[in-house]
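One structure below.
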Amino acid sequence: MGGGHKGPVVEHVDGDVKVTVQGRVVQVTIDRPSKKNALTQAMYQRMADALLEADSDPDVGAVIISGVADVFTAGNDLADFIAGNSLDETHRFLEAISSVNVPLVAAVNGLAIGVGLTLLLHCDLVFVEPTADLSAPFVGLGLVPEAASSLLLPRVVGERRASEIILTGRHVSGAEAVEWGMANAAASPVLPAALAAAERIAAQPHAAARASKALLRSGELTVQGRMAEEMDAFAEALQGAEFKAVMAARKAR
């Protein structure tokens with residue numbers, strides 16, 4: 001997947017998921033407009049593969065997740081639930097999106113239902129259309145939240161708002177998502193804003209960006225524990241090729 005900052009666009013279409021590579025940025029596009037981009041097990045498999053492949057490529061600086069038409073994703077294809085299909089690929093995707101070190105940017109262009117909302121909690125930057133519509137209707141379906149959203153959503157929006165979203169199925173607008181800290185900014189069209197952010201991240205030294213993400217995402221620690229973790233990562237970075245290249249470039253000015 002590697003390449004320069006710019007360069008030819010390489011596109012891979014596998015069923016209802018499109019993976020586009022341009023330079024250091026990979027875009028994973030949910031492309032099933034006839035079903036409001038509802039996710040099947042095959043789509044989860046392809047998306048997990050794309051995330052893991054990008055994460056294993058040190059030349060990839062960022063990944064964008066987006067949807068076609070006016071929908072991000074309507075969530076799980078309920079036909080999978082009705083048919084009793086295995087949810088192994090759903091689990092694999094959630095494991096991937098929650099553990100990859102490559103920075104993730106989401107471009108939410110419309111409906112983001114169920115996992116369409118909860119997957120955003122694992123993205124590092126989130127951009128939304130002002131008209132975006134986020135909801136988590138799990139309880140109304142007789143289900144419970146997934147993707148660690150019962151843990152992560154209260155951290156982002158607070159317990160009261162998280163309870164309202166989960167227990168009542170309340171819809172959150174794009175403007176509210178920004179106000180509540182679920183998104184960084186609203187933009188229309190949203191994809192160029194997300195792409196610009198992804199390219200800014202991808203222009204940074206990749207190993208340093210990934211290590212910084214790991215620190216930001218690490219579990220609960222005391223201040224002293226976090227400082228020790230940071231110091232270990234900092235000492236490792238000081239010996240890394242990226243830091244040495246930055247210093248050499250500054251000396252050459």
ILVMFWY network linking [X] to [Y], side-chain heavy atoms under 4.5 angstrom:
X    : Y    : answer
V68  : V19  : no
L52  : V115 : yes
L238 : M231 : no
M47  : V60  : yes

Quick one: closest heavy-atom pair of [X] and [Y], and the distance?
X    : Y    : answer
V108 : A112 : CG1-CB, 3.9 Å
A177 : V172 : N-CG1, 3.6 Å
S66  : Q27  : OG-NE2, 3.0 Å
V156 : G181 : CG1-O, 3.3 Å
A162 : V157 : N-CG2, 3.5 Å
A107 : A194 : CB-CB, 3.7 Å

Between [Y] and [X], is there a side-chain heavy-atom distance shorter than 4.5 Å?
X    : Y    : value
L152 : T118 : no
F72  : L134 : no
L111 : T73  : no
F138 : L117 : no
V100 : K213 : yes
W180 : I165 : yes
S218 : E229 : yes

Worksheet item: Name the one of N184, I65, I201, V63 that satisfies side chain to side chain contact (heavy atoms under 4.5 Å, CB included) with V105?
Response: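 Among the candidates, only I201 passes.
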Worksheet item: Of I113, V17, N109, V71, which meets side chain to side chain contact (heavy atoms under 4.5 Å, CB included) against N37?
Response: V71
With distance as the sole criterion, is a donor-acceptor pair present between the side chains of [X] and [Y] under 3.5 Å?
X   : Y   : value
Q41 : S86 : no
T29 : D31 : no
Y44 : N76 : yes

Has [X] got a side-chain atom pairing as donor or acceptor with [Y]'s backbone, closer than 3.5 angstrom?
X    : Y    : value
E129 : G110 : no
H206 : P58  : yes
D55  : V102 : yes
T168 : E164 : yes

Worksheet entry | Derivation and outcome, salt bridge (Lys or Arg N to Asp or Glu O under 4.0 Å), residues R92 and E89 | CA-CA 5 Å; R92 181 168 173 265; E89 294 301 333; 3.5 Å; yes
Fill in: salt bridge (Lys or Arg N to Asp or Glu O under 4.0 Å) evaluation trace for D59 with R24
CA-CA 6 Å; D59 288 334; R24 301 170 183 172; over 6 Å; no
Worksheet item: Should E176 and R161 count as an ion pair when the cut-off is N to O under 4.0 Å?
Response: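 No.
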Worksheet item: Looking at R32, K36, K35, which hits side-chain hydrogen bond (donor to acceptor under 3.5 Å, both in side chains) with D77?
Response: R32
Discussion item. Looking at E236, I want to see if its CD is surrounded by more than 12 non-hydrogen atoms of other residues, nucleotides or ligands under 6.0 Å.
Written reply: no
